[in-house]
Amino acid sequence: MELLDVSADKNIIMSNSITSGRFDVTACQLDILFMLLSMLEKNDVADKEYIVNAKDIETLTNKKWNYQQLRKSTEDFGSRMFEIETEKSLKQIWLWSKVEYYHTTGSFGVIINPYARQYFFELKDNFTSLQLKSVLNCNSKYAKRLYGIACQYRNMKFNPMPLDDFKKMLGLIDKKGNDTYENATNLKTKVLD
């Protein structure tokens with residue numbers, strides 16, 4: 001398997017519902033998600049398997065991800081659901097239907113859940129465009145999420161968001177209302193900085 005040819009200006013897009021959705025994932029899981037997004041083509045069949053090579057991720061991020069880290073990341077990511085709130089409902093979706101590791105190749109295949117595909121394909125409006133290398137070079141899960149959110153709002157008029165909504169978006173407030181960073185100083189140093 002050869003490495004992907006990903007140029008510095010490769011852009012990926014995803015629905016704003018995913019960009020600003022409520023979910024908490026690791027930096028490795030976001031790297032995998034962004035690599036998948038870079039592989040999507042608008043004419044892909046619904047059950048297409050996308051092959052992710054660990055070397056591609058390592059080359060683009062300058063981080064070493066071993067087999068166990070990747071396997072744990074895909075396992076945990078598979079149990080994560082994304083919450084998308086609209087005026088009419090709160091949707092809970094899972095992004096992947098299947099992940100399959102191929103022995104001795106350093107790669108794994110991912111099939112996107114058919115329902116989740118609408119948040120990645122044929123987006124005509126209400127989407128975010130990210131520069132792949134920029135988001136992969138962010139060094140923490142919060143930096144990756146904040147980069148995506150900043151890209152989402154870069155061409156919009158500034159509209160303040162309640163702090164609790166922002167924290168929920170980043171997974172800092174759980175479903176029980178527990179706030180990971182109640183102290184503003186900790187929020188600034190551990191997340192924003």
Side-chain angles (χ1 to χ4, degrees), residues 1-7 10-84 91-123 127-145 147-148 151-152 170-171:
M1 293 187 176
E2 59 185 70
L3 297 176
L4 291 174
D5 180 24
V6 180
S7 65
K10 170 79 176 182
N11 284 329
I12 55 177
I13 63 168
M14 64 182 164
S15 168
N16 285 345
S17 298
I18 298 293
T19 304
S20 58
R22 298 179 194 168
F23 60 94
D24 181 27
V25 293
T26 66
C28 183
Q29 290 165 337
L30 287 170
D31 288 348
I32 292 167
L33 175 62
F34 295 134
M35 286 299 297
L36 280 171
L37 290 174
S38 74
M39 296 177 193
L40 304 181
E41 299 290 337
K42 70 177 187 175
N43 295 326
D44 289 347
V45 294
D47 61 347
K48 179 176 180 172
E49 181 179 52
Y50 299 92
I51 305 297
V52 179
N53 190 316
K55 291 287 182 205
D56 290 338
I57 297 173
E58 290 176 355
T59 299
L60 291 170
T61 63
N62 294 319
K63 296 177 197 159
K64 287 295 237 181
W65 298 113
N66 68 41
Y67 176 82
Q68 294 304 324
Q69 288 171 306
L70 291 170
R71 185 172 170 190
K72 179 74 172 138
S73 290
T74 56
E75 177 185 334
D76 290 347
F77 198 51
S79 67
R80 297 267 198 277
M81 61 93 182
F82 288 67
E83 287 190 338
I84 300 169
K91 298 176 187 177
Q92 296 178 332
I93 63 168
W94 290 261
L95 297 185
W96 302 340
S97 296
K98 179 189 92 157
V99 176
E100 185 171 349
Y101 282 84
Y102 297 104
H103 299 300
T104 70
T105 66
S107 65
F108 56 94
V110 178
I111 297 179
I112 297 172
N113 174 347
Y115 183 79
R117 292 178 67 78
Q118 67 184 306
Y119 296 101
F120 303 115
F121 289 93
E122 298 181 28
L123 299 172
F127 65 88
T128 301
S129 178
L130 309 166
Q131 189 176 49
L132 179 63
K133 283 198 175 186
S134 294
V135 74
L136 288 176
N137 284 318
C138 292
N139 59 5
S140 73
K141 67 180 184 177
Y142 299 122
K144 292 173 190 299
R145 290 292 312 276
Y147 174 78
C151 288
Q152 177 182 344
L170 292 178

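Residue indices begin at 1 and follow the sequence shown.
One finds the CH2 atom of Trp96 at 12.0 Å from the CG atom of Asn113 (value rounded to the nearest 0.5 Å). Here the CG-CD1 distance, from Asn62 to Ile57, works out to 13.0 Å after rounding to the nearest 0.5 Å. Note that CG of Leu33 is 11.5 Å distant from SG of Cys28, once rounded to the nearest 0.5 Å. Put simply, CZ on Phe108 and CD on Glu49 are 10.5 Å apart, with the number rounded to the nearest 0.5 Å. Rounded to the nearest 0.5 angstrom, Lys72 NZ and Tyr67 OH are separated by 14.0 Å. Rounded to the nearest 0.5 angstrom, Leu30 CG and Met35 CE are separated by 13.5 Å.
Side-chain contact between Val110 and Lys98 is absent, with no heavy-atom pair separated by less than 4.5 Å. At a threshold of 4.5 Å between non-hydrogen side-chain atoms, the residues Asp44 and Ile112 do not count as touching.
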**Request:** Carefully, step by step, assess Glu100 and Ile111 under the rule side chain to side chain contact (heavy atoms under 4.5 Å, CB included).
**Result:** CA-CA 9 Å; Glu100 185 171 349; Ile111 297 179; over 6 Å; no

**Request:** Could you walk me through whether Leu40 and Tyr50 pass the side chain to side chain contact (heavy atoms under 4.5 Å, CB included) test, one step at a time?
**Result:** CA-CA 8 Å; Leu40 304 181; Tyr50 299 92; 3.5 Å; yes

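Salt bridge Glu41/Lys48: absent, no basic N to carboxylate O contact under 4.0 Å.
In terms of heavy-atom proximity, Leu95 sits nearest to Ile93 at CD2-CD1, 4.1 Å. Considering every non-hydrogen atom in both Glu58 and Lys63, the closest pair reads CG-O, 3.0 Å. Taking all atoms of both residues into account, the shortest heavy-atom contact from Trp94 to Ala116 is O-CB, 3.9 Å.
Looking only at atom types and distance, the side chain of Tyr101 has a donor-acceptor partner in the side chain of Thr74 under 3.5 Å away.
In this structure, Ser73 has no side chain to side chain donor-acceptor pair (under 3.5 Å) partners at least two apart in sequence or on a different chain.
Each of Ile32, Val99, Asp31 was scored for a side-chain contact (heavy atoms from CB on, under 4.5 Å) with Leu70, with one residue passing: Ile32.
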